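Keep in mind the model is a prediction, meaning the values are calculated, not measured.
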Amino acid sequence: MQNKEILGKLATIFSEVLSKEVTMEELDAQADLLEAFHMDSLIALQIIVKIEQQLGIVIEDDDLALELLNDTGKLMAYIEGQSERVSS
């Protein structure tokens, strides 16, 4: 899965959970997603669950899940790595 495809899917997931339009550009420009979108831990968990369901990956550690939402680049790299592992 390529970065643009991942970013598009993340924008859809964030839009669904936050009940507002979130663009790929907004996600790409945000370093700290938790702060930028004013997410509490419950919303963050909902996003992580949707990422796992819609992208077919598993994020094992709860601490890691929240850490990934602190940085768009880390989140995308993690998803790409997990997707490659699942497809091989």
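Remark: Q46 pairs with no residue by the side chain to side chain donor-acceptor pair (under 3.5 Å) rule, at least two apart or across chains. Evaluation of the salt bridge (Lys or Arg N to Asp or Glu O under 4.0 Å) rule for K74 yields E67 as partners, not counting sequence neighbours.
A heavy-atom distance below 4.5 Å is found between the side chains of I59 and E52. Side-chain contact between M24 and K4 is present, with heavy atoms from C-beta onward closer than 4.5 Å. Between L27 and L75, every side-chain heavy-atom pair lies at or beyond the 4.5 Å cut-off.
Cluster partners of L45 are V49, counting Ile, Leu, Val, Met, Phe, Trp and Tyr whose side-chain heavy atoms approach within less than 4.5 Å, directly or via other members.
For V58 against Y78, the heavy-atom pair with the smallest separation is O-OH, 3.4 Å.
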What pairs of donor and acceptor atoms, side-chain ones from residues 7-17 against any protein atom, are under 3.5 angstrom apart with sequence neighbours left out?
from: T12; atom 1: OG1; to: G8; atom 2: O; distance (Å): 3.1
from: S15; atom 1: OG; to: A11; atom 2: O; distance (Å): 2.8
from: S15; atom 1: OG; to: K20; atom 2: O; distance (Å): 3.4
from: S15; atom 1: OG; to: V22; atom 2: N; distance (Å): 2.9
from: S15; atom 1: OG; to: V22; atom 2: O; distance (Å): 3.3
from: E16; atom 1: OE1; to: K50; atom 2: NZ; distance (Å): 3.3
from: E16; atom 1: OE1; to: Q54; atom 2: NE2; distance (Å): 3.2

List, one per line, each side-chain donor-acceptor pair under 3.5 Å for residues 31-41, sequence neighbours excluded.
from: D32; atom 1: OD1; to: L34; atom 2: N; distance (Å): 3.2
from: D32; atom 1: OD1; to: E35; atom 2: N; distance (Å): 3.2
from: D40; atom 1: OD1; to: L42; atom 2: N; distance (Å): 3.1
from: D40; atom 1: OD1; to: I43; atom 2: N; distance (Å): 2.9

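Of the possible donor and acceptor atoms, none in the side chain of E80 sits under 3.5 Å from a partner among the backbone N and O of N3.
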